[in-house]
Structure formats: C-alpha cells, structure tokens
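Proteins come first, then strands; the chains are lettered A, B, ... in the order of their sequence lines, and each starts at number 1. Being a predicted model, the structure only gives us computed values, none of them experimental.
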Amino acid sequence: MPESEQLLALYREMLIIRYTEEQLARSHQMGLIHGACHTYVGEEAIATGVCAHLRPDDAVFSTHRGHGHALAKGVSPREVIAELFGRSTGCSEGRGGSMHLFKPEVGMMGTSGIVGPCILQAAGAGYSFKLLKSDQIGVAFFGDGAVNNGAFHEGLNLASIWKLPTLFVCENNMYATEVPFAYSAGNPHVGNRGPAYGMKSLTVDGNDILAVYEAAGEAAQRARGGEGPTLIECRTYRTRAHAEGMRDAGYRTPEEVEEWKARDPITRYNGWLLENEEAGPETLAAIEAEVKEMVADAEEFARNSPWPEADTVSEHVFSQR
Amino acid sequence: MPEMTFVEATLEALDNAMARDPSIFVVGEGIGERGGNFNTTVGLYDKYGPERLCDTPISERGFVGMCAGAAMTGTRPVVDFMFFDFILDAFGELVNQIAKMQYMSSGRLKMPILLRGAIGIGHSAATHHSGSYYPIFAHLPGFRVVVPSVPSDAKGLFATALQSDDPVLFLEHKSLLFNRGEVPEGEYTIPFGQARIAREGTDCTLVAIGSMVDKTLAACERLAEEGISCEVIDPRTIAPLDMETVLASVHKTGRLLIVDETFQPCGVGAEISAQVIYRGFDDLDAPIRRLNGAHVPTPYSPTLEEATVPEAEEIEQSIRDLLAE
Ligand SMILES: Cc1ncc(C[n+]2csc(CCOP(=O)(O)OP(=O)(O)O)c2C)c(N)n1
C-alpha cells in the first residue's frame, strides 16, 4: 500500500488527466484543436498507476491515445494543450500535435500516429539501459489493437530473449475504433500471452488504481533488478468516442457504456479514499479545485501562446550538429 | 599506403569507433561470433562481447524498431542487414519513426543509427537479394544515404556515419565488397555531401554511382585512346547530393550522362537532370542522358541478369551518343 501522500498524489494525477481531457474535448468542439484528438477519459488509472513508479530518466513510448501518458510522465497541461492548439509553446513546439507529444527531458519519448512501434522502441530503450548498465527502464503503453500487430510479437520476443528492462502495458478497452477485441484476436486474453514468449504476464483491473499501482510496481522492480520484462494487461474502457467528433454508436450499447461509467476509476478511488479515511471530503475537494484551476490556466496559456514562425518549417529535419 | 578490401576498410572504421565509444553496438543475423555473412564484423565479437555484437533472430522489423528506441535513449546502434533487401520488412519503422523522429520532437531527440547492407545485382543472387532501393530513401526527408565505390571512401564515410546524429543508410555494392584499394592508415572522416572527381576531363561529365564508377572509368579509358576526355564524378552520398560539383563540371563540359544501376523512373538521374536543367540550362550543349539498370525485378539466369545491368560497353556507347548530339 502506498503512503498517504502518494495516495493523494495518485488522485491528483488522475484528475489532471481527466480535467485536461475534458478541456481538450471542449476545445475541440470550439475548433481550437486542428487535428485528431483521442481522449483517455475512463483509463486514467493506468498511466497514473504505472508512471508513479517511473523516474524522469525512465523512457515512456506511447500511442495515439497518449495525452494521459504524457501528463503522468511529467509533461505539464500547459505544454500538452498548447501542442494540440498548434502553438510554439507546445511540448513538440507545434511540429507534433496530439499524436506526437514529445518531452525527452522528462522521459516522454513520444505518442504515436502509428499503432505498434512503441512496443519495439520501449524494448530498444531497455537495450540501451542494459548496455549502459543503468537501472532505468523502458515502458510501452498500447491498446488491444496493437496486440494483433507484428510489432507486439517481435518486440516481446526480443525483450524476452535479452531480458530487457521493459514494461509492456496493454490498455485493453475492448475496442479498436469500432472493432471488438474478441472479434480480432484468436486468443483474446492478453494477460495469457506472456508465456508464449517466455515472459511473465498478468491481467489487472485497469480501473482500479491501486491494482495497477501494485502490479506496475512489482514489474518495475523486477525490470530494474535485471529480471527482465513483464506484460501487464489492464482491462479498461474508454467512455468517450474513439476520437472527438466521431460517432459513438452502432458498435456498443448505451447500457454497456453506462455500466463502465459506473466503474469510473476516479469516482471509485474517491470513494475508497473516503471510506478508508485516507482523506476527508475537504481535502479531496481542495485537490479538485486546485487541478481545475491549473487546467483553466493551461488552456488560457495555450490560447494566448504564439504560433510557430513559418520560416522555421525546415528546422530539425536533421540534427543541428 | 596499405591496400585492403572494401569490407576490411569499413571493419577498421567500425573497430576504431567501437574502441572509443562504448555506446556503439551492432545488431544483425550472424554478426556475432560468425563475423557477418560478408565478414563485416570479423573479430569484433571477441573484442567487444555479445551485448555489443548482438546476434538477432530473423526479426527485421523488430530489431530496427528496437534500435530506433535505443538511438533515442543514449546508445548508437549499427544495424547490419547482410542483404539490404531485408530492410523492406522494416520500412514503416524507417519512414515513420526513424526518419521523422528528430523533426517530430523539434530536434530534442537525436537518431544516431547506422543501417548498412549489401546492395546490387550480380552472381545470380536473383530478385530478393539484388535490390538497391536508395532512390526511395533519398526521396524522404531525414535520411543520409551513402553509396561508396572505393575502399578509401568507404572507410572515411563509415567513420563519419558513426559520428552522425542522423540516420545513415550505408550501402555497399556486393560486387565491390572484396575489391582492394589503397586506404590511408589511421582514423579519418569524409564529410557527407562532397562528391569525388574520379577522373578529370573536358568533353563530357559522367555521374556514376556505386559499382558503376569502375565500369564508367573503364569506358573512359578506352575513349581516351581516341582522344576523348571524360570527367567522372562519384557523388559518394546520394543524400545529401553534391550538386555544386556536378554543375561546375557541366559548366566546363556542356554534356551530362548519369550512370546508375537502380531504376530510372523517379530516380537519382531524374533528380540530377532536373537540377542541372534549372540551374545550368545555359551550360548544356546536348540533352542530358541517363543510363540505368532495366526496370524489372532482377532475374536469375546469367544471360537475363547481364541484360539488366549497364556494362562498360554500353556506357561507352552512351558516351559516344552523348558526344554525337
Ligand atoms: C498501423 C496503424 N494502422 C491503423 C491505424 C488507424 N488507427 C488509429 S487508432 C486505431 C485503433 C486502435 O485501437 P487500440 O490499439 O485498441 O487503441 P484504442 O484506440 O482502443 O485506445 C486504428 C486502427 C494506425 N494509427 N496505425
């Protein structure tokens, strides 16, 4: 069980993600976001529980649904929102957008517009850290859709044979866009696939922050200790559409969505904190107010930020050296 | 100056760099104890061990993507493909990740990865072991593409590649690998984007790439007996491409032929031609010509295979045609 202070930090981090995502959804409706925007609403416990065990020098490689990973890894809401607004103050200085959020200074090695490669790159970070004899680790976050991609097979096998210090975190939200995972996977139990690669694997309730926290903590410790990679399947659900502005009907029932909303990771954790007297309602309300304020400030910051200068368009194709 | 083969020259550059920089590691199939299918890593396993000479499964996409992640996190991978054709299994990792990573991250990530492999047509290797593909990579922003033709250039360019923070494709024509040539001792680098004038002349300019350089020089040798004076330029790197040297030469000669084993459509010759037309139009005394390998998958049978590759006789004829315009 984490210390009280850590328990509240987890709560706060989940709220930062939730409120930032809700702000981004509103901003998208207002036309302030120029490209795609896949929100992480409903899945906050996973990034939060995993990244709580990471240091700034650990490397996270993420997906198209990556705002939560960036925020949990230490990219500020200001930098995330500004990037989606296409401003020069964004974490990728306007070259990336939602699916290319980079901040290597805190170990955020990118969200991605391509499903799959993050798995390989996290293994590569593991290879670097092993070669450099450091105790850093690489972490890949990916959806159930990526599990059927060749990158999953090749990446897990390579990580296993070389015992790379890597965590493979599958966020199984049951759908890839509108395709049910049960339709697209011959073996729909991701948590059972580890042994096929000689790797430890497990399944946890991805909407239970403490369960994710515990599983990730053990896996991170094993990786740092040279005991190799772990595959963690987190069962979860996205409660908004695949991407903002997309239809969200026809492939799942409103009842199913409501059922999962009742298992909302933040509401659940709020209840748990109160029930176990880890925090009083005033403390939690104060955190909520503080985070709301932070996100409102971030939006304002982003909206008032300058655009990138057009004459810098050719910079950074190659290294400046 | 000592003589050595192309392969020995790059091996020396690799060994020198690995001795100095512990973050360099090599991955590939059979590059460990075996020393590489083309002897590219002979002796290094004993010196640097299995983590720095890492034998891989047959998992091209996997280890290329993995090396992208490694290059982003403080090490310097060298991917040895054996035959360059196998890189195509990793095309997405190359184009969408490796080439774009520095840009996407606004220059805060580097991509110091060297990808090497044997290219080219010969020895009835047939169509899955004969590809070169470099025009495809030169088309894309983010790659350095090196195609050396002599051992001394191979060594210096390989050393440069091992210091570059950009992704470098280092492509070695199979027919050159065991050619011998004089190679300076010690460590040296050759900058990317600087062509080498392989032969000076005044009547026409010939740009030849990779294995075409020697064949073109042989054609020029014969024409010299008739008093025809050809200039031969070896670009050495396709990206960046040294157009200044080509333009200066065309300014002098007024005629240009590009000799390249790879396919003609949308190729390196098309790019050079377009730039010369735009920037050196008034220097031209004749239409620019291109001589390329046949635009077909590479056949197996020797008679068919020979028909796909420009030989010295054909090059000689093309030069005569160019001069007759
Ligand atoms: C290689 C590749 N193919 C297709 C797509 C288009 N695409 C974007 S998101 C997505 C679904 C991904 O599902 P999943 O991995 O389960 O993640 P989720 O969206 O459910 O979080 C698809 C098919 C892509 N980005 N990359």
Looking at OH of Y127(A) and CZ of F63(B), how far apart are the two atoms once the value is rounded to the nearest 0.5 Å? 12.0 Å
To the nearest 0.5 angstrom, please state how far the CD1 atom of I24(B) sits from the CG atom of L131(A). 10.5 Å
Between P117(A) and E93(B), the two heavy atoms sitting closest are CB-OE1, 3.4 Å
So what's closer than 4.5 Å to chain B heavy atoms on A59(A): side chain, backbone, both or neither? side chain
Given that the side chain runs from C-beta out, which part of Q136(A) has a heavy atom under 4.5 Å from chain B: side chain, backbone, both or neither? neither
Do you know which of D57(A), L101(A), L164(A), I114(A) has the most heavy-atom pairs under 4.5 Å to chain B? I114(A)
I'd like to know which of A123(A), A125(A), G96(A) tops the heavy-atom pair count under 4.5 Å against chain B. A125(A)
Should P57(B) and I161(A) count as side-chain neighbours, where that means a heavy-atom distance under 4.5 Å? yes
Between S112(A) and chain B, which part of the residue has a heavy atom less than 4.5 Å away: side chain, backbone, both or neither? side chain
Residue pairs meeting ring-ring contact (aromatic ring centres under 6.0 Å, His included), one or both in residues 70-92 of chain A, sequence neighbours left out, come to none
Heavy-atom distance under 4.5 Å to chain B: side chain of N157(A), backbone, both or neither? side chain
Do Q102(B) and S319(A) touch side chain to side chain, with heavy atoms closer than 4.5 Å? yes
